[in-house]
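Contents: one structure, followed by commentary.
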Amino acid sequence: MVLRTVFRAVIMGPPGSGKGTVSDRITKSFGLKHLSSGDVLRANIEAKTELGLLMKSCIDQGQLVPDDVISRLILSNLRSMEQSSWLLDGFPRTVAQAESLDGVCSVDTVINLNVPFDTIKERLTSRWVHLASGRVYNTHFNPPKVPGIDDVTGEALTQREDDTPYTVTRRLKAYEHQTQPVLEYYRSKGVLETFSGTETNKIWPHVQAFLARKIPSSSTTSGGQAAVGKA
Ligand SMILES: Nc1nc2c(ncn2[C@@H]2O[C@H](COP(=O)(O)OP(=O)(O)O)[C@@H](O)[C@H]2O)c(=O)[nH]1
Ligand SMILES: Nc1ncnc2c1ncn2[C@@H]1O[C@H](COP(=O)(O)OP(=O)(O)O)[C@@H](O)[C@H]1O
């Protein structure tokens, strides 16, 4: 009998390190469901929910939103993905968040994108996003086919209000002080895998090979349900 189980991964790295870009490649290659905390927050802002409006000023100022708010939001989303293999992007960003995640499930692997801050700064000011899907472009690295237009839907792309040089500096500070300790937290649990570099196209083959070893019978179907077969 084949026992089916699920695979749970987290992707970490400073703002602009390529988490969204690599997550997109992982979901396409391995069929994991992708949950991005930034996308969930931006969807709330776009929908003008009470929570979204409350969180907007934190985000625009480059600060992290409160642990209890984001933990509740993400853990409730994860409950609806219980039967699926998933990739969590942008959460946890503090040790308190990592502990709250541990309270509901254990993480199989944490992919850490280690990209120098200097590389990141110039990337973010040329980032364009399709808000509804979270698809991300860059005027130099992966431009849309038509400038300012999403390749898939034909809808308009926007620039994030928190991608200004001043706010990016604040976000990098928040990363250093609040998020870097989470790397130590996962390192001590033996699940941290770090990938260093300045170009996603060079980092990606290593991430792909690593996950191919970790998820031996991974599903590449579009169902997004990468059940891992165990003998
Ligand atoms: N120049 C360059 N831009 C990249 C590279 N990888 C990703 N980007 C772009 O950098 C920006 C940040 O990447 P993203 O995946 O959104 O990073 P995240 O903030 O960690 O989720 C986006 O505009 C990407 O298109 C790369 O290797 N070189
Ligand atoms: N886990 C989290 N904890 C606290 N704030 C968060 C979290 N995830 C996202 N945010 C807020 O949303 C903003 C955008 O997040 P995100 O889209 O993940 O940025 P990036 O991909 O550039 O690192 C963060 O700067 C922060 O204000």
Side-chain angles (χ1 to χ4, degrees), residues 10-27 34-45 51-52 54-75 77-78 87-101 111-131 133-144 151 157-164 166-179 182 195-205 207:
V10 165
I11 186 162
M12 294 187 63
S17 56
K19 298 184 295 296
T21 307
V22 171
S23 294
D24 186 49
R25 295 182 189 188
I26 292 175
T27 54
H34 176 224
L35 182 64
S36 152
S37 55
D39 285 352
V40 172
L41 288 168
R42 281 185 289 277
N44 271 276
I45 293 174
L51 183 132
L54 275 170
M55 295 306 117
K56 186 176 182 331
S57 65
C58 271
I59 295 170
D60 286 351
Q61 286 168 35
Q63 292 169 346
L64 295 187
V65 308
D67 284 335
D68 57 332
V69 174
I70 191 73
S71 295
R72 226 176 315 123
L73 198 58
I74 295 301
L75 298 187
N77 271 275
L78 286 184
L87 173 67
L88 199 45
D89 161 9
F91 182 94
R93 257 177 160 99
T94 65
V95 171
Q97 292 176 20
E99 286 168 347
S100 69
L101 180 60
I111 292 161
N112 173 35
L113 303 181
N114 179 28
V115 178
F117 284 8
D118 283 349
T119 307
I120 283 165
K121 283 193 175 178
E122 61 176 66
R123 280 185 189 181
L124 290 183
T125 42
S126 41
R127 168 159 68 183
W128 287 80
V129 293
H130 178 244
L131 256 185
S133 66
R135 260 185 298 281
V136 56
Y137 300 87
N138 186 284
T139 40
H140 312 296
F141 174 66
N142 59 336
D151 289 351
L157 300 176
T158 51
Q159 284 202 284
R160 280 171 44 176
E161 287 180 31
D162 59 344
D163 274 349
T164 61
Y166 174 74
T167 312
V168 167
T169 303
R170 298 195 62 167
R171 286 159 59 203
L172 289 173
K173 284 216 167 73
Y175 172 79
E176 259 182 326
H177 294 121
Q178 291 165 275
T179 307
V182 182
F195 299 87
S196 302
T198 54
E199 291 170 55
T200 297
N201 288 343
K202 290 194 177 155
I203 291 177
W204 166 241
V207 175

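Whatever order the structure lists them in is the order used to number ligands and atoms, beginning at 1.
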Open item on the list: When you measure from the side chain of Ser71 to the backbone of Gln97, do you find a donor-acceptor pair of N or O atoms at a distance under 3.5 Å?
Closed with: no

TODO: For Leu101 and Phe91, work out which heavy atoms get closest and say how close.
DONE: CB-CE2, 4.1 Å

Distance-only criterion, 3.5 Å: show the donor-acceptor pairs between side-chain atoms of residues 13-21 and protein atoms not counting sequence neighbours.
{"unit_1": "Ser17", "atom_1": "OG", "unit_2": "Pro14", "atom_2": "O", "d": "2.7"}
{"unit_1": "Lys19", "atom_1": "NZ", "unit_2": "Gly13", "atom_2": "O", "d": "3.1"}
{"unit_1": "Lys19", "atom_1": "NZ", "unit_2": "Pro14", "atom_2": "O", "d": "3.1"}

Task: Counterpart residues, side chain to side chain donor-acceptor pair (under 3.5 Å), relative to Thr164 (two or more places apart) - done: Thr167

Tabulated below should be the N or O atoms of ligand 2 paired with protein N or O atoms at under 3.5 Å; can you produce that?
{"unit_1": "ligand 2", "atom_1": "1 (N)", "unit_2": "Gly90", "atom_2": "O", "d": "2.9"}
{"unit_1": "ligand 2", "atom_1": "1 (N)", "unit_2": "Gln97", "atom_2": "OE1", "d": "2.9"}
{"unit_1": "ligand 2", "atom_1": "3 (N)", "unit_2": "Gln97", "atom_2": "NE2", "d": "2.9"}
{"unit_1": "ligand 2", "atom_1": "5 (N)", "unit_2": "Val65", "atom_2": "N", "d": "3.0"}
{"unit_1": "ligand 2", "atom_1": "8 (N)", "unit_2": "Ser37", "atom_2": "OG", "d": "2.7"}
{"unit_1": "ligand 2", "atom_1": "8 (N)", "unit_2": "Gly90", "atom_2": "O", "d": "3.4"}
{"unit_1": "ligand 2", "atom_1": "8 (N)", "unit_2": "Arg93", "atom_2": "NH1", "d": "3.0"}
{"unit_1": "ligand 2", "atom_1": "17 (O)", "unit_2": "Arg42", "atom_2": "NH1", "d": "2.9"}
{"unit_1": "ligand 2", "atom_1": "17 (O)", "unit_2": "Arg42", "atom_2": "NH2", "d": "3.0"}
{"unit_1": "ligand 2", "atom_1": "17 (O)", "unit_2": "Arg160", "atom_2": "NH1", "d": "3.2"}
{"unit_1": "ligand 2", "atom_1": "18 (O)", "unit_2": "Arg93", "atom_2": "NH1", "d": "3.1"}
{"unit_1": "ligand 2", "atom_1": "18 (O)", "unit_2": "Arg93", "atom_2": "NH2", "d": "3.2"}
{"unit_1": "ligand 2", "atom_1": "19 (O)", "unit_2": "Arg93", "atom_2": "NH2", "d": "3.4"}
{"unit_1": "ligand 2", "atom_1": "19 (O)", "unit_2": "Arg160", "atom_2": "NH2", "d": "3.2"}
{"unit_1": "ligand 2", "atom_1": "22 (O)", "unit_2": "Arg127", "atom_2": "NH2", "d": "3.1"}
{"unit_1": "ligand 2", "atom_1": "22 (O)", "unit_2": "Arg160", "atom_2": "NH2", "d": "3.4"}
{"unit_1": "ligand 2", "atom_1": "22 (O)", "unit_2": "Arg171", "atom_2": "NH2", "d": "2.5"}
{"unit_1": "ligand 2", "atom_1": "23 (O)", "unit_2": "Lys19", "atom_2": "NZ", "d": "3.1"}
{"unit_1": "ligand 2", "atom_1": "23 (O)", "unit_2": "Arg93", "atom_2": "NH2", "d": "2.7"}
{"unit_1": "ligand 2", "atom_1": "27 (O)", "unit_2": "Gln63", "atom_2": "O", "d": "2.6"}

- [ ] Before giving the answer on side chain to side chain donor-acceptor pair (under 3.5 Å), spell out for Arg25 and Asn201 the whole-Å C-alpha distance, their side-chain angles and the decisive distance to 0.1 Å.
- [x] CA-CA 11 Å; Arg25 295 182 189 188; Asn201 288 343; 2.9 Å; yes

Open item on the list: Tell me whether Asp39 is salt-bridged to Arg135, with the criterion being a basic N under 4.0 Å from an acidic carboxylate O.
Closed with: no

- [ ] State whether the side chain of Asn77 and the backbone N or O of Leu73 hold a donor-acceptor pair below 3.5 Å, judged by distance alone.
- [x] yes

TODO: List the atom of Thr139, the atom of Trp128, and the distance in Å for their closest heavy-atom pair.
DONE: CG2-NE1, 3.6 Å

Task: Minimum heavy-atom distance between Ser23 and Asp89, given as atom pair plus value - done: OG-OD2, 3.6 Å

Open item on the list: For a quick check: using heavy atoms under 4.0 Å, what are the residues in contact with ligand 1, sorted by chain and number?
Closed with: Pro14, Pro15, Gly16, Ser17, Gly18, Lys19, Gly20, Thr21, Arg123, Leu124, Arg127, Val136, Tyr137, Asn138, Phe141, Asn142, Glu199, Thr200

